[in-house]
Colleague: 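Could you have a look at this structure, given as C-alpha cells, before my questions?
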Amino acid sequence: MRVETLPFILSMLSKPWGSLPYSIACCVIAAIAGCSKPASPHEAASSQPVDPCSLLTNDDIRSVQGEEIIDKKASGSTSGEFAISQCYFTTKTPVNSVVITGTQRGSTQGARGVRELWRETFNPGSTGRREEGEQGREEEHEAKPERVEGVADEAYWAGSRFGGALYALKGDSYQIRISVGGAGDAAAKKKKCTALAELILKRL
C-alpha cells in the first residue's frame, strides 16, 4: 500500500524536539498500513529496527556540542510500511540536545524500500505528480534542500526557521535525519550534523 501522506509526516518529524508530533506520525503510519498482510519470517528478520540511541556515543556528542549526554530517550513504531525510530540525546544544557530519526523498511509484506520514500521526498517531480504533503514539506524546507556531497549515498541539508536538519540515505535500507540545537547559524549546524552523520554511517 502506498502511503501518500509520508512527506507530510516527515515534515511533522522536523519540528524541533517535541515528541508529540512524532507520536502522531507513528500512529498515522500504523493506521494507514494496518491492513497489510503479515511479513514472512525472512522479511521480518531483515527489517529489525536499528536502535538509534546506539549510533552515537557520549564522546561523539561531546566532540560536536561540547557537552556530555545526561540522558537518552528512544521512541518509535515498528509496524506499518516503514519502521521509524528516534533518539533524543539530552545534554547538560537542554538546548544543545541532539535528535536522530531513522527510517527503515517496515515489517509488512511488500513494504516499499526506503529509497522510494527518499525519491518522493527530495525528487517529487520524478513521479510526475504533486504529493498531498507538499505544502508541509515546503514549510519545513524554507529554502530548497541543499545537496551535501560525500555523505552516504545521498544527503541533503534542509534549512528552516528552526535551524534545519541533515537527511542521509544509505542504500535501500536506512534513512537518517539529524538535527542539533544550540547556538550557531545554519552553516554551523550543517557542519555539526554532517560530522555526526559520518559517525553514524560507520555503525550502520
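Side chains included, hydrogens not; waters and symmetry mates left out as well; all remaining heavy atoms used.
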Colleague: How close do Ala197 and Val151 get, counting heavy atoms only, and between which atoms?
Modeller: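 For Ala197 versus Val151, the nearest heavy atoms are CB-CG1, 4.2 Å.
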Colleague: How far does OG1 of Thr57 sit from CD1 of Ile69, to the nearest 0.5 angstrom?
Modeller: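 Thr57 OG1 to Ile69 CD1: 7.0 Å, rounded to 0.5 Å.
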Colleague: Taking atom SG of Cys193 and atom CZ of Arg177, what is their separation to the nearest 0.5 Å?
Modeller: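 Answer for the SG-CZ pair, Cys193 versus Arg177, is 8.5 Å.
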Colleague: Nearest 0.5 angstrom please: Phe89 CZ to Asn58 CG, how far?
Modeller: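 Interatomic distance, Phe89 CZ to Asn58 CG, rounded to 0.5 Å: 10.0 Å.
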Colleague: Would you compute the distance between atom CD of Glu116 and atom CD of Glu81 and round it to the nearest 0.5 angstrom?
Modeller: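 Separation between the atoms: 7.5 Å.
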Colleague: Could you label the plane-to-plane angle of the Tyr156 and Phe122 rings as parallel, tilted or perpendicular, counting under 30° as parallel and over 60° as perpendicular?
Modeller: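 The rings of Tyr156 and Phe122 lie parallel, inter-plane angle below 30°.
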Colleague: Just verifying a value: how many Å separate Leu199 CG and Leu55 CG, rounded to the nearest 0.5 Å?
Modeller: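 Reported value, rounded in 0.5 Å steps: 10.5 Å.
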Colleague: Has the side chain of Glu154 got a donor or acceptor atom that lies under 3.5 Å from a matching backbone atom of Leu169?
Modeller: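 Between the backbone of Leu169 and the side chain of Glu154 there is no qualifying donor-acceptor contact (under 3.5 Å).
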Colleague: If the condition is side-chain hydrogen bond (donor to acceptor under 3.5 Å, both in side chains), which residues does Asp172 pass it with, not counting sequence neighbours?
Modeller: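 Asp172: side-chain hydrogen bond (donor to acceptor under 3.5 Å, both in side chains) contacts with Arg105.
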Colleague: Under the salt bridge (charged side-chain N to carboxylate O under 4.0 Å, His left out) definition, can you give me all pairs with a residue in residues 180-198, not counting sequence neighbours?
Modeller: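 Matches after skipping sequence neighbours: Glu146-Lys190.
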Colleague: Give a yes or no on whether the backbone of Thr93 and the side-chain of Thr91 come within a donor-acceptor separation of less than 3.5 Å.
Modeller: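 Here the side-chain-to-backbone pair exists.
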Colleague: Can Val99 be reached from Ile70 by stepping across I, L, V, M, F, W or Y side chains whose heavy atoms are under 4.5 Å apart?
Modeller: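 Shared cluster, no.
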Colleague: Rounded to the nearest 0.5 Å, what's the gap from OG on Ser54 to CG on Leu204? Could you check?
Modeller: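 Ser54 OG to Leu204 CG: 8.5 Å, rounded to 0.5 Å.
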Colleague: Ile176 and side chain to side chain contact (heavy atoms under 4.5 Å, CB included): which single residue from Ile200, Thr103, Leu196, Leu166 fits?
Modeller: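 It is Ile200, the one option of Ile200, Thr103, Leu196, Leu166 that forms the side chain to side chain contact (heavy atoms under 4.5 Å, CB included) with Ile176.
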Colleague: Can you pull out every salt bridge (charged side-chain N to carboxylate O under 4.0 Å, His left out) where at least one residue sits in residues 58-68? Sequence neighbours excluded, please.
Modeller: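 For residues 58-68, and leaving out neighbouring residues, the salt bridge (charged side-chain N to carboxylate O under 4.0 Å, His left out) pairs sorted by first residue read Asp59-Arg62, Asp60-Arg203, Arg62-Glu68.
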Colleague: Is there side-chain contact between Thr90 and Lys73, with at least one heavy-atom pair below 4.5 Å?
Modeller: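 No, too far: nothing below the 4.5 Å cut-off.
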